[in-house]
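Below is one structure, written out as structure tokens; the observations come after it.
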There are 2 protein chains.
Amino acid sequence: MGTETTFNIGVLAKATGTKVETIRWYERVGLLSAPDRTSGNYRAYGAAHLGRLSFIRRARDLGFSLDQIRTLLDIAEQQDRSCETVDAIAREHLEEVDRKIADLQALRRELDSLIGQCRHGRIAECRIIEALAPCPA
Amino acid sequence: MGTETTFNIGVLAKATGTKVETIRWYERVGLLSAPDRTSGNYRAYGAAHLGRLSFIRRARDLGFSLDQIRTLLDIAEQQDRSCETVDAIAREHLEEVDRKIADLQALRRELDSLIGQCRHGRIAECRIIEALAPCPA
DNA sequence: TATGGACCCTGTAGCCGCCACAGGGTCAAG
DNA sequence: CTTGACCCTGTGGCGGCTACAGGGTCCATA
């Protein structure tokens, strides 16, 4: 019963919706531990890797940086530690997302008014170009 | 009267709120034309460069990519061309911004509910970690 | 006139989060 | 035994800069 089912990188890639190169890259930057190799030097992954990579991908989808994910994974392994830090990381990230949304909305308003001014004439009198230009030359 | 006032890269940088390295980089990637040089091989900028760089910076602030800006600048020089393309670029960019906002808002909702579940206990029962993990192991 | 410090030059390498090769090796099916 | 799908390592690229290192230039001051 010491034999666990293992699978190749391609299988892991498909199962998690990750590109093969990305998995190898996660390994290089220390997010995913280096798996055992087969006799032919192929990476042999197990269930633990699948779980970990799924975690990583889900967190990436939620916009966490690889650094944040590294921290989350570290913490996740210390089962009896308080989860304050996890909460803090998530809150910090939420604030960042809120800032980004606000920035984009401000930008959106500016863009919108820019476009609203276009009279579809010639460049010489294009309001968009004018608005971008420094001073009414 | 053939003498125009020129200035060094540092002056241009300050005037436009751009880093010196960034200006040199814009030159390398062909956004800003290479200026004349002084006898000591210093870049000597004029009013035209100032205008162009201001345009670039303003467009960057509005989130246009350097490629888009390149196109806008090209078009801006053809004074008697219709400004449809300009309008199209701006609209396309607006749509992209809208998509980004929507994505971030969806993400924000997910994050928020994640955080709302945290009971500040131990990692072993942390809802955030659980939510990120693939299956309730 | 010498010197110090502020500026400028080129070139290269790094950031993030991958993606896309090139140039090989491995493995299983037919 | 060949074909073709997979795997390996290593390198370079994307956007949009930023940050050096290792020099040159310029101008004011002592």
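A note on names: the letters A, B, ... follow the listed sequences, proteins ahead of strands, and every chain is numbered from 1.
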Residues, nucleotides or ligands: over 12 heavy atoms within 6.0 Å of A:Glu84 CD: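 No.
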
Rounding to an integer number of Å, can you tell me how far [X] [atom1] sits from [N] [atom2]?
X	N	atom1	atom2	answer
B:Trp25	C:dT12	CH2	P	18 Å
B:Glu27	C:dG11	CD	P	12 Å
A:Asp67	C:dC16	CG	P	7 Å
B:Leu12	C:dC7	CG	P	15 Å
A:Asn8	D:dA5	CG	C1'	11 Å
B:Ile69	D:dG15	CD1	C1'	12 Å
B:Phe64	D:dG15	CZ	P	18 Å
B:Ile23	D:dT18	CD1	P	11 Å

Presence of [X] side-chain N/O under 4.0 Å of [N] phosphate oxygens OP1/OP2:
X	N	value
B:Arg37	C:dC8	no
B:Arg28	D:dG16	no
A:Lys19	C:dA20	yes

Member of A:Lys14, A:Glu27, A:Arg43 meeting the side chain to side chain contact (heavy atoms under 4.5 Å, CB included) criterion with A:Ile9: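 Answer to the side chain to side chain contact (heavy atoms under 4.5 Å, CB included) test with A:Ile9 among A:Lys14, A:Glu27, A:Arg43: A:Arg43.
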
How is B:Arg70 classified with respect to the nucleic acid when contacts are heavy atoms under 4.0 Å: base, sugar-phosphate, or nothing?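 Nothing, no nucleic acid heavy atom in range.
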
Answer yes or no: is there a side-chain heavy-atom contact under 4.5 Å between B:Asp87 and B:Arg91?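 When only atoms from C-beta onward are counted, B:Arg91 and B:Asp87 do touch, with a gap below 4.5 Å.
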
Heavy-atom distance under 4.5 Å between the side chains of A:Phe64 and B:Leu111, does that happen here?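 Heavy-atom side-chain distance check passes, below 4.5 Å.
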
Of all the choices, [options], which nucleotide is nearest to the side chain of [X] once you look at every atom?
X	options	result
B:Glu21	C:dT10, C:dC27, D:dC20	D:dC20
B:Thr22	C:dA20, D:dC17, C:dC9	D:dC17
A:Tyr42	C:dT26, C:dC18, C:dA20	C:dT26
A:Ile9	D:dC17, C:dG17, D:dC8	D:dC8

For the side chain of B:Tyr26 and the base of D:dG16, is some donor closer than 3.5 Å to an acceptor across the two?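 Answer no: no donor N or O sits under 3.5 Å from an acceptor.
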
Take A:Arg24 and B:Arg43, find for each the nucleotide of DNA chain C with the closest heavy atom, and name the residue whose nucleotide sits nearer the 5' end.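 The 5'-side residue here is B:Arg43.
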
Do A:Arg57 and A:Tyr26 have side-chain atoms, one donor and one acceptor, less than 3.5 Å apart?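 Yes - a donor-acceptor pair under 3.5 Å links their side chains.
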
For B:Ser65 and for B:Asn41, find the nucleotide of DNA chain D with the closest heavy atom, then tell me which residue's nucleotide is more 5'.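 Looking at DNA chain D, the more 5' nearest nucleotide goes with B:Ser65.
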
